[in-house]
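Comments concern the structure below.
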Amino acid sequence: MRLTQFFLPTLKDDPVDAVVDSHKLMLRSGMIKQITSGVYSSLPFGLMVFRKVENIIRDEMNAAGGNEFYLSALSPTELWAETGRLEDYGDLMFRIKNRDLVLCPTHEEVFTSIAKSNLISYKDFPKIWYQIQSKFRNEERPRAGVLRARQFTMKDAYSLDATWEGLDIAYERMAQAYRNIFTRCGLEFVVVSAFSGAMGGSASQEFMAPSSVGEDNIVISEDGKYSSNLEVAVSFKEKVQRKNTDLKYEEFHTPNIKTIDELAEFVKTKDKTRLAKSRVFVNVKPEGNEFMLVLVCGDDEVNESKLQGFFGINIRPAHNEELMEITGADAGSIGPIGLDKKIKIIADLLLEDADELISGANKNDYHLKNIDLKRDVPGIEYKDLRTVKEGEQTSDKSSKLKITKAIEVGHIFKLGTKYSEALGAKFLDAEGKENPIIFGSYGIGIERTTASFIEQSHDDKGIIWKGEIAPFKVIIISLNQSNEEIKNISEGFYKEFLNRKIDVLFDDRADVRPGVKFNDADLIGIPVQLIIGEKNLKEGNVEIKIRKTGERMIVRKGEAIEY
RNA sequence: CGGAGCGUAGCGUAGCCCGGUAUCGCGCCAGUUUUGGGAACUGGAGGCCGCAGGUUCGAAUCCUGCCGUUCCGACCA
């Protein structure tokens, strides 16, 4: 490609609206252009990279036996009402105003409806169906460029099986395909176990690109054997030991004590584990809201995903007015004693049967001490509800946990029969009995994968492409197109690269100073720069610069091709 | 959805408090000189100052409403 024929609107300065590096660089290198909040157009340079990523995915999906589809982005609202997701998604789904249609945020329903009418015998399975398509989600707050956008490209794949064993096989095959894909994309990634309750599936894993701008937190053990999304991570920690002093609980005055830290100071203790933290959650149900009080150690945080895993996704923290109504106190003075029996009380496993605890008295500015959960809180249940912390031991005590931020680039999970049952997608088994098709669901964000790569591979000059997703392998920089010799040599190299089918970009711009060309080349990050200028040409040489290392080699002009 | 900020030429901005017809840099066009790390000079083009209403002789500037956008938080199959 000749640069004079290529639309590459590079920017010298950082756009004021971009904050994260990948966003800045994608705008500056002319890959994307924002049209409105969370919506971006792909420009030629960006599209080249997205296509490279897509083709790697296509390659691996096909190798795994996938069939490529291209489904409609529009679908009837009714289809989503049937599976209940119209309500589940709510405002996150774009709805067409002048026709009863929605823009699909994902395609389980549409694929299922195709399967329903065509896969009717156990002999029709297994199948892997996929597509690479625009998805639409009305994100409340798009951010970080294409990392969270309202329209984005996703590869979504679905395994369709007649048996649960078949699902396991498909899932493993897709997991391997995903590892291949992200490896070929040159991405540093970690596979973590993930929260799946929200989508109604069982096993679930996420492919995470570690990055400081990631919105997810992942937990990895130092020996690398354990990795998990923080939402579901577990660790080993000693339980709070019983003291068996059997002291009666008693109220004491704690003026203006709102937080655990203030309470610890007030009672002059450094050990916050016995200062039980109480939080009230609401399980929103059509037949009426249920309230629950959740207790964790004072130095722990409640893991809301784990709560959702136990009680469903419609769990939310109670509002301040609700707290007062239910407990008679504001946040900071709430505790497990003396509540209405309708309120379920659950505590973290670390507090199982613990005694001599201090917690709120359900009366503002008062706490209770010497609470014995075993004695004083009949009907209490214990579950793993805490968020693990950096430095804790793995549950087998063999290693320690580290927490890092990461970007979710892929997600695979065993979906099961939720949608096939809702839409009546059934097949006849060998005994002639009807069964719902068993689904797996597997997604990859194309732009997000690309942006994650850039987050991991750039410097203060620009992007550093490598491997299969590099849009060009080499850029020829002709330093002076008005010098006939330089021009002719450059043209010669360009033709030679084309002949050898090597992706090459030729900066053949005249009237552009060398400094501009060097900076543009560094910005757009082509791995190898072939620099042709007067200085070296006098000696019959040209220069090769490796973008990543900045390493320069002066070579005979005839030998340059073997870079 | 809560909090904060911003909207002036393609991009980045000054002016706004204190009202008088818009500043500077980059980029762009023409010409001359230049050509190894974002050139110099000369001349030029380009603006419903986000939108609507109000106050005023007069509004980019003051007031009201709206819209857009960014960030933090909340939320996120």
Side-chain angles (χ1 to χ4, degrees), chain A residues 9-20 23-24 27-28 30 33-39 80 83-93 104-109 135 137-145 147-150 154 156 194-201 204 206 213 215-216 229 231 304-305 308 312-317 319-320 408 411-413 415-416 418-419 439 441-443 461-462 477-483 485-487 507 509-523 529 531-538 541-543 545 550 552 554:
Chain A
T10 55
L11 301 172
K12 194 156 90 175
D13 300 309
D14 281 336
V16 69
D17 284 340
V19 174
V20 308
H23 188 198
K24 289 178 185 171
L27 290 169
R28 284 189 55 205
K33 167 110 175 108
Q34 179 172 346
I35 176 71
T36 184
S37 183
V39 184
W80 296 78
T83 57
R85 291 172 107 191
L86 190 63
E87 198 178 313
D88 289 351
Y89 267 113
D91 274 344
L92 194 57
M93 190 138 70
C104 295
T106 175
H107 279 85
E108 277 83 1
E109 276 81 353
K135 297 286 186 278
R137 294 182 194 181
N138 187 20
E139 295 287 350
E140 303 210 357
R141 186 153 104 72
R143 75 179 91 186
L147 283 177
R148 179 166 293 272
R150 292 200 169 118
M154 182 169 159
D156 49 318
F195 181 56
S196 58
M199 191 117 178
S204 166
E206 287 164 335
V213 303
E215 295 184 74
D216 284 276
N229 195 307
E231 292 180 340
E304 294 182 25
S305 294
Q308 291 180 335
I313 56 167
N314 294 322
I315 300 251
R316 64 162 172 80
H319 302 139
N320 289 341
E408 179 191 346
H411 194 172
I412 59 176
F413 56 98
L415 186 52
K418 178 172 174 178
Y419 300 103
F439 274 74
S441 174
Y442 317 88
K461 300 287 258 180
I477 303 175
S478 163
L479 288 181
N480 187 355
Q481 280 289 90
S482 50
N483 176 317
E485 192 190 3
I486 294 175
K487 184 176 175 181
D507 189 346
R509 290 175 295 179
D511 302 332
V512 174
R513 299 185 63 79
V516 176
K517 295 195 175 195
F518 287 133
N519 282 307
D520 272 348
D522 287 345
L523 173 63
Q529 300 175 4
I531 302 163
I532 299 161
E534 217 163 342
K535 200 171 80 186
N536 287 312
L537 212 50
K538 268 191 282 189
N541 292 331
V542 295
E543 179 178 336
K545 180 182 156 189
R552 293 161 188 278
I554 311 293

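Note on naming: letters A, B, ... go to the chains in the order of the sequence lines (proteins, then strands), and numbering restarts at 1 for each one.
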- request: Quickly work out the A:K24 NZ to B:C11 C1' distance and round it to whole Å.
  value: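 So the NZ-C1' distance, A:K24 to B:C11, works out to 16 Å.
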
Checking [X] now: which residues fulfil side-chain contact (heavy atoms from CB on, under 4.5 Å) with it, not counting sequence neighbours?
X: A:D14; value: A:K24, A:R28
X: A:K545; value: A:D522, A:Q529, A:I531, A:R552
X: A:R150; value: A:S37, A:V39, A:F94, A:N138, A:E139, A:P142
X: A:E215; value: A:R143, A:R148

field: Partners meeting ring pair (Phe, Tyr, Trp, His ring centres under 6.0 Å) with A:H107 (sequence neighbours left out)
entry: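 Testing A:H107 for ring pair (Phe, Tyr, Trp, His ring centres under 6.0 Å), a comparison that skips the adjacent residues, returns none.
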
Distance-only criterion, 3.5 Å: show the donor-acceptor pairs between side-chain atoms of residues 511-521 of chain A and protein atoms not counting sequence neighbours.
{"from": "A:K517", "atom 1": "NZ", "to": "A:S478", "atom 2": "O", "distance (Å)": "2.7"}
{"from": "A:K517", "atom 1": "NZ", "to": "A:D507", "atom 2": "O", "distance (Å)": "3.3"}
{"from": "A:K517", "atom 1": "NZ", "to": "A:R509", "atom 2": "O", "distance (Å)": "2.7"}
{"from": "A:N519", "atom 1": "OD1", "to": "A:K461", "atom 2": "NZ", "distance (Å)": "3.2"}
{"from": "A:N519", "atom 1": "ND2", "to": "A:G515", "atom 2": "O", "distance (Å)": "2.9"}
{"from": "A:D520", "atom 1": "OD1", "to": "A:T10", "atom 2": "OG1", "distance (Å)": "3.0"}
{"from": "A:D520", "atom 1": "OD2", "to": "A:R509", "atom 2": "NH1", "distance (Å)": "3.3"}
{"from": "A:D520", "atom 1": "OD2", "to": "A:R509", "atom 2": "NH2", "distance (Å)": "3.2"}

task: Can you check each nucleotide of nucleotides 70-75 of chain B against protein heavy atoms at under 4.0 Å and return B for base, S for sugar-phosphate only, - for none, in 5' to 3' order?
output: SBBBBB

Distances for protein N/O vs nucleotides 26-37 of chain B N/O pairs under 3.5 angstrom?
{"from": "B:U34", "atom 1": "O2", "to": "A:R513", "atom 2": "NH1", "distance (Å)": "2.6"}
{"from": "B:U35", "atom 1": "O2'", "to": "A:N480", "atom 2": "ND2", "distance (Å)": "3.3"}
{"from": "B:G36", "atom 1": "O6", "to": "A:N536", "atom 2": "ND2", "distance (Å)": "2.8"}
{"from": "B:G36", "atom 1": "N1", "to": "A:N536", "atom 2": "ND2", "distance (Å)": "3.4"}
{"from": "B:G36", "atom 1": "N1", "to": "A:E543", "atom 2": "OE1", "distance (Å)": "2.8"}
{"from": "B:G36", "atom 1": "N2", "to": "A:E543", "atom 2": "OE1", "distance (Å)": "2.4"}
{"from": "B:G36", "atom 1": "N2", "to": "A:E543", "atom 2": "OE2", "distance (Å)": "3.3"}
{"from": "B:G37", "atom 1": "O6", "to": "A:R552", "atom 2": "NH1", "distance (Å)": "3.4"}
{"from": "B:G37", "atom 1": "O6", "to": "A:R552", "atom 2": "NH2", "distance (Å)": "2.4"}
{"from": "B:G37", "atom 1": "N1", "to": "A:D522", "atom 2": "OD2", "distance (Å)": "3.4"}
{"from": "B:G37", "atom 1": "N2", "to": "A:K461", "atom 2": "NZ", "distance (Å)": "3.3"}
{"from": "B:G37", "atom 1": "N2", "to": "A:N519", "atom 2": "OD1", "distance (Å)": "3.3"}
{"from": "B:G37", "atom 1": "N2", "to": "A:D522", "atom 2": "OD2", "distance (Å)": "2.5"}

query: Closest heavy-atom contact between A:T106 and A:W80?
result: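 Closest pair (atom of A:T106, atom of A:W80, distance): O-CH2, 3.2 Å.
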
task: For A:I35 and for A:M154, find the nucleotide of RNA chain B with the closest heavy atom, then tell me which residue's nucleotide is more 5'.
output: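 By nearest-heavy-atom nucleotide position, the 5'-most residue is A:I35.
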
Same-atom distance (C1') from B:C41 to B:A4, integer angstrom: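 About 46 Å, rounded to a whole number of Å.
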
message: Taking the C1' atom in each of B:G10 and B:G27, what is the distance between them to the nearest angstrom?
response: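 My reading of the C1' atoms in B:G10 and B:G27 gives 7 Å.
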
task: Can you sort out the partners of A:E534 under salt bridge (Lys or Arg N to Asp or Glu O under 4.0 Å), two or more places apart, ordered by chain and number?
output: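 Counting only residues at least two positions away or on another chain, A:E534 forms no salt bridge (Lys or Arg N to Asp or Glu O under 4.0 Å).
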
- prompt: Listed by chain and number, what are the salt bridge (Lys or Arg N to Asp or Glu O under 4.0 Å) partners of A:E109, not counting sequence neighbours?
  reply: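 Testing A:E109 for salt bridge (Lys or Arg N to Asp or Glu O under 4.0 Å), a comparison that skips the adjacent residues, returns A:R85.
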
- prompt: Residues two or more places apart in sequence or in another chain: which of them pass side chain to side chain donor-acceptor pair (under 3.5 Å) with A:E231?
  reply: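 With sequence neighbours excluded, A:E231 shows a side chain to side chain donor-acceptor pair (under 3.5 Å) to no residue whatsoever.
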
- prompt: List RNA chain B stems (3 or more consecutive Watson-Crick/G-U pairs, under 3.5 Å)?
  reply: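 Listed by first number, the stems are B:1-7 with B:67-73, B:10-12 with B:24-26, B:28-33 with B:39-44, B:50-54 with B:62-66.
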
